[in-house]
Amino acid sequence: MAERIRRKAFYDYQDCFDGFTEIRKELNGYLDKHQKEKFLGRFEQLKQDALNKSDVVAMDVLAYYYKIGAGKILPENYMRYIAWEFIAAARGNEFAIEKLQFLIGYACNNIIDCDSYETIEYKNDIDEFNILYVLGKNICKIMVRDFLSAFPIDLVALPDEFKPYTKEDFINLRKMIDSAIPKTIDFLKS
């Protein structure tokens with residue numbers, strides 16, 4: 001039987017930030033030098049690393065480029081950005097969790113304000129240093145599993161198409177997060 005690879009609970013913020021910055025610098029260098037094939041080759045490698053190695057830094061870099069696009073090489077795709085960023089956060093990338101704080105911060109506050117928070121805090125070893133990471137990761141896990149239905153195997157198979165941010169995307173995303181709050185509370189207190 002093949003040995004199962006166990007994922008880390010969290011990937012250190014600084015390590016994730018440094019890895020993200022290094023890869024982004026490399027990809028931006030290809031863009032600056034108009035090296036389309038090198039950019040696309042490296043981008044495809046990142047997809048494979050995200051899929052086959054569960055590389056949370058690769059996931060975060062993919063999210064970044066789907067958010068902004070890359071000129072005529074890679075089209076902007078807002079919901080693809082959301083999917084990859086939430087997957088990276090759900091798998092414990094602390095840098096990705098912090099970047100999503102603007103979207104999930106109010107959900108964290110709702111969990112902190114719930115009647116079961118003392119139980120959640122105790123059962124999940126939450127302290128003042130890890131609160132955002134523990135709550136954020138679990139909100140993102142519920143979002144990926146139950147609402148976004150976003151999985152690396154599906155995302156890498158999708159064609160890259162232009163789908164910019166729309167107000168409707170944000171409204172739908174907010175509704176999903178609202179629905180994820182009680183599920184996250186139930187998950188964390190069980």
Side-chain angles (χ1 to χ4, degrees), residues 2-104 133 136-166 169-170 172-173 176:
E3 183 179 331
R4 182 177 168 158
I5 298 172
R6 187 171 172 93
R7 283 189 207 133
K8 291 170 58 174
F10 290 96
Y11 295 84
D12 180 68
Y13 176 93
Q14 193 64 51
D15 292 342
C16 291
F17 175 82
D18 291 344
F20 173 88
T21 303
E22 181 181 317
I23 295 169
R24 190 183 69 185
K25 183 177 179 181
E26 175 189 358
L27 288 169
N28 285 344
Y30 296 144
L31 292 174
D32 291 344
K33 295 176 185 169
H34 305 287
Q35 296 175 323
K36 176 182 176 179
E37 295 307 316
K38 285 188 177 184
F39 177 91
L40 290 173
R42 182 66 168 113
F43 198 77
E44 186 58 36
Q45 180 188 0
L46 291 170
K47 286 182 179 180
Q48 294 309 309
D49 289 348
L51 176 62
N52 298 321
K53 297 179 183 177
S54 294
D55 185 330
V56 297
V57 173
M59 293 170 187
D60 191 21
V61 173
L62 293 170
Y64 173 80
Y65 282 99
Y66 279 117
K67 181 179 181 184
I68 65 166
K72 294 180 181 181
I73 298 173
L74 180 75
E76 170 190 348
N77 188 313
Y78 183 75
M79 288 311 292
R80 193 88 44 91
Y81 145 67
I82 289 295
W84 279 116
E85 199 74 79
F86 270 83
I87 293 169
R91 296 208 178 165
N93 179 323
E94 292 179 352
F95 181 50
I97 293 168
E98 284 200 15
K99 288 194 289 182
L100 285 172
Q101 188 173 1
F102 77 100
L103 282 173
I104 63 171
Y133 302 122
K137 176 181 178 178
N138 284 285
I139 290 165
C140 291
K141 279 171 100 171
I142 299 296
M143 284 289 295
V144 166
R145 184 188 72 202
D146 294 354
F147 298 101
L148 293 171
S149 297
F151 304 98
I153 194 164
D154 299 323
L155 292 174
V156 298
L158 293 172
D160 291 329
E161 53 191 3
F162 180 67
K163 291 197 174 185
Y165 166 85
T166 65
D169 288 334
F170 182 77
N172 290 333
L173 187 58
M176 287 185 245

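Quick note: numbers below take in every heavy atom, side chains included, and nothing from hydrogens, waters or symmetry partners. As the structure is a computational prediction, the values presented were derived from the model and not from experiment.
- Put simply, the side chain of Phe86 reaches to within 4.5 Å of the side chain of Leu100, judged on heavy atoms.
- The structure places OH of Tyr64 at 13.5 Å from CG of Leu46, a figure rounded to the nearest 0.5 Å.
- Residues Pro152 and Leu51 come closest through the heavy atom pair C-CD1, 3.9 Å.
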Report the C-alpha separation of Tyr133 and Tyr13 in whole Å, then their side-chain angles, then the decisive distance to 0.1 Å, and conclude whether the side-chain contact (heavy atoms from CB on, under 4.5 Å) test is met.
CA-CA 10 Å; Tyr133 302 122; Tyr13 176 93; 4.2 Å; yes

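- Taking the side chain as every heavy atom from C-beta outward, Met79 and Leu148 approach each other to under 4.5 Å.
- Remark: Ile153 CD1 is loosely packed, at most 12 non-hydrogen atoms of other residues, nucleotides or ligands lying under 6.0 Å away.
- Proximity of Phe39 to Lys36: side-chain heavy atoms (C-beta onward) are nowhere separated by under 4.5 Å.
- Distance check: Asn28 CG to Lys33 NZ gives 11.5 Å after rounding to the nearest 0.5 Å.
- Within the 4.5 Å cutoff, the side chain of Phe20 has no heavy atoms near those of the Asn93 side chain.
- Remark: the backbone N or O of Leu74 is not paired with any side-chain donor or acceptor of Asp160 at under 3.5 angstrom.
- Under a 3.5 Å cut-off, the side chain of Tyr65 and the backbone N or O of Glu76 do not form any donor-acceptor pair.
- Atoms CD and CD1, from Gln45 and Ile23 in turn, are 8.5 Å apart once rounded to the nearest 0.5 Å.
- Salt-bridge check for Lys163 with Asp169: failed, with every basic side-chain N at 4.0 Å or more from each acidic carboxylate O.
- In this structure, the side chains of Arg24 and Val61 stay at 4.5 Å or more apart for every pair of heavy atoms.
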Give the C-alpha distance, both sets of side-chain angles, the deciding distance and a yes or no for side-chain contact (heavy atoms from CB on, under 4.5 Å) between Ile87 and Phe151.
CA-CA 8 Å; Ile87 293 169; Phe151 304 98; 5.7 Å; no

Check against side-chain contact (heavy atoms from CB on, under 4.5 Å), Tyr11 and Glu94:
CA-CA 6 Å; Tyr11 295 84; Glu94 292 179 352; 5.9 Å; no

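- Of the possible polar contacts, none joining the Asp49 side chain to the Asp55 backbone as a donor-acceptor pair under 3.5 Å is found.
- Here the shortest heavy-atom pairing between Leu173 and Tyr78 reads CD2-OH, 4.2 Å.
- Annotation: ring pair (Phe, Tyr, Trp, His ring centres under 6.0 Å) contacts of Tyr30 (sequence neighbours excluded): none.
- Rounded to the nearest 0.5 angstrom, Cys140 SG and Arg91 CZ are separated by 12.5 Å.
- The line from CD of Glu98 to CD1 of Ile104 is 10.0 Å long, rounded to the nearest 0.5 Å.
- The shortest heavy-atom contact between Val56 and Ala88 is O-CB, 3.7 Å.
- Residues Arg145 and Lys141 fail the side-chain proximity criterion, which asks for heavy atoms closer than 4.5 Å.
- Note that the OH atom of Tyr66 and the CG atom of Leu155 stand 8.0 Å from one another [nearest 0.5 Å].
- Residues Ile142 and Phe147 have side chains in contact (heavy-atom distance under 4.5 Å, counting atoms from C-beta outward).
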Pair Leu40-Glu44, side-chain contact (heavy atoms from CB on, under 4.5 Å): steps then yes or no
CA-CA 6 Å; Leu40 290 173; Glu44 186 58 36; over 6 Å; no

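- Minimum interatomic distance between Val144 and Ala150 (heavy atoms only, all atoms of both residues): CG1-O, 3.0 Å.
- Other residues, nucleotides and ligands contribute at most 12 non-hydrogen atoms within 6.0 Å of the CD atom of Glu22.
- A cation-pi geometry, defined here as NZ or CZ lying under 6.0 Å from the six-membered ring centre and within 45° of its normal, does not hold between Lys38 and Phe43.
- Put simply, the side chain of Thr21 reaches to within 4.5 Å of the side chain of Phe17, judged on heavy atoms.
- Phe95 and Cys16 make their closest contact through CB-CB, 3.8 Å (heavy atoms, listed as atom of the first residue, atom of the second, distance).
- When all heavy atoms are compared, the tightest approach of Ala90 to Lys137 is O-CE, 3.2 Å.
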